[in-house]
Trainee: 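Below: one structure in structure tokens.
If you're wondering where the values come from, they're calculated on a predicted model, not measured in any experiment. Chain identifiers are assigned alphabetically (A, B, ...) following the order of the sequence lines, protein sequences preceding nucleic acid strands; residue numbering begins at 1 within each chain.
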2 protein chains.
Amino acid sequence: MKPTPQSAQAKTLDRSQVVAEALHLVNQEGFDRLTMRNLAARLGVVPMALYRHVTNKEELIDAVFELALSDIKLPDPDLTWRPGLDALARAIRELLLEHPPLAVEVVGRPTLGPASLRIAEYGYRVMRTSGFSDIDTNGGINTLVTYVIGFTALEVPRRHSVGANPPPDLSKLQSLYADLPADQFPHTVQLQPQVEGLVTPEQFDHGLTTLLDGLEHRLQDSKNAASQCR
Amino acid sequence: MKPTPQSAQAKTLDRSQVVAEALHLVNQEGFDRLTMRNLAARLGVVPMALYRHVTNKEELIDAVFELALSDIKLPDPDLTWRPGLDALARAIRELLLEHPPLAVEVVGRPTLGPASLRIAEYGYRVMRTSGFSDIDTNGGINTLVTYVIGFTALEVPRRHSVGANPPPDLSKLQSLYADLPADQFPHTVQLQPQVEGLVTPEQFDHGLTTLLDGLEHRLQDSKNAASQCR
DNA sequence: ACCTGAACACCGTTCAAGT
DNA sequence: ACCTGAACACCGTTCAAGT
């Protein structure tokens, strides 16, 4: 009996194995340890074997992002806009923190795969069904996603050590603030107790609340404008 | 007469030349074309000559960032908080857009040099002297800077082609939206006219206004709380 | 004091060859 | 159909040597 294409040759490499192993590698060793040669070694195979399943390194990286992002747990689609966007923002941040090296690298890499589209679609849904205009919806999701990605990308290198990168060295940071000339940086010096815990979950909440407050203000404005036209 | 250290040997390499040439290289050829070998060639020197002025590539990159950031034009320090932060945000964005490859790379790289400190100090100043609490000031500047850097970093690869990277390919993007299954992505499809001009200056304004509105809300709240205590 | 040359341990990828 | 080996054109950096 002839073996069917899927069932036979359990020993052979397969694209999803390659991508999954690449994601593990990135999380364990850091983004710049993701080399074709290193990945091949982990799969017990010669470097060139990978090129049977992936056209080049760039495509492999895209696939790694898509795999990681597809794991996101989107909130209940029937939430109203404010709890919905709040939960969405936290879900994105949580996902990124599970893959610190990707959190940094995702900026500057336009990821337009299905996973990203599903995330945006969720945001569009809760805003539009809550009465936001199309312009405010597009702008709002854009701002929200930018904030979450930006915040997390700036947070990660300051908290976790990514790959072989330097440890957080909080003491060095403190002495930097201590040595600051108070005449040139009076406010920075006086704010030191606030600034020291440079990136905290509370600051994420603070910014997110500020942002949602701003959106609420926008929603009120357009409602007022609508009722005045009546 | 013995030549003084600064005046003599005009032919010799000097650290500021190395860093300046590195910045030019990055802007002309892209961030990943910044290699010690490539830089050395542009300076008409052998690669190892650079290590006399810079301890390694990492330090060189830090110096390149510091040089670029030190060019920022800070707004009038006597502005009140809202015009001050608005102008600060635009100044940061403008500077980053002058160095597209750096705009992308600055995320995930904690830049704590004098230039960054001056930027933060300006923001702290206008907020505190306008009555914001220390917590709101720290959170506010953090959020603002995060938004500006995040937005610009996401914007650049979609507008300019950075180094040898792919051109913007707007047509590909449009066909991607055209092929989207309308039952799975109803809102994304309906928003297509908004989403298409994916990252625009208007969207930057939209997000910035939202953010400043949120901060204004916060300032009102703390003022109300203060007057109630009286 | 500053620059050089050769070398080491790495990269991604091409190409012709094996099974 | 899938994997291999050798090779090419690159990296950052060390080390001993030149002037």
Trainee: Which ones in residues 47-63 of chain A lie close to DNA chain D, meaning a heavy atom under 4.0 Å from one of its atoms?
Mentor: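 Nucleic-acid contacts, sorted: Met48(A), Ala49(A), Arg52(A), His53(A).
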Trainee: Once Watson-Crick and G-U wobble pairs under 3.5 Å are found, how is DNA chain C written in dot-bracket notation, 5' to 3', with | for any base paired to another strand?
Mentor: ||.|||||...|||||.||
Trainee: For Arg33(B) and Gln28(B), test the side chains for any donor-to-acceptor distance below 3.5 angstrom and give the result as yes or no.
Mentor: no
Trainee: For DNA chain D, which residues in residues 34-44 of chain B have a heavy atom at a distance below 4.0 Å?
Mentor: Leu34(B), Thr35(B), Met36(B), Arg37(B)
Trainee: Could you give the CG-to-P distance, from Asp32(A) to dG12(C), as a whole number of Å?
Mentor: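 Nearest whole value for this atom pair: 11 Å.
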Trainee: How would you list, by chain and number, every residue that makes a ring-ring contact (aromatic ring centres under 6.0 Å, His included) with Phe185(A), sequence neighbours excluded?
Mentor: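 Residues passing ring-ring contact (aromatic ring centres under 6.0 Å, His included) with Phe185(A): none at all.
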Trainee: Does the side chain of Arg125(A) reach to within under 4.5 Å of the side chain of Pro186(B), using non-hydrogen atoms?
Mentor: no
Trainee: Quick one: list whatever passes side chain to side chain contact (heavy atoms under 4.5 Å, CB included) with Asp86(B), sequence neighbours left out.
Mentor: Arg90(B), Leu208(B), Leu212(B)
Trainee: Using 4.0 Å as the upper bound for N to carboxylate O, is an ion pair formed by Glu94(B) and Lys73(B)?
Mentor: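 Here Lys73(B) does not pair with Glu94(B) in a salt bridge, since their nearest N and O are not under 4.0 Å apart.
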Trainee: According to a strict under-4.0 Å criterion, is Arg33(A) in side-chain N/O contact with OP1 or OP2 of dC10(C)?
Mentor: no
Trainee: Looking only at atom types and distance, does a side-chain atom of Asp134(A) sit under 3.5 Å from a main-chain N or O of Leu191(B), one as donor and one as acceptor?
Mentor: no
Trainee: Under the ring-ring contact (aromatic ring centres under 6.0 Å, His included) test, which residues partner Tyr147(A), sequence neighbours left out?
Mentor: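 Tyr147(A) satisfies ring-ring contact (aromatic ring centres under 6.0 Å, His included) with Phe151(A), Phe204(A) once adjacent residues are dropped.
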Trainee: So, Glu98(B) and Arg93(B), do they make that salt bridge, N to O below 4.0 Å?
Mentor: no
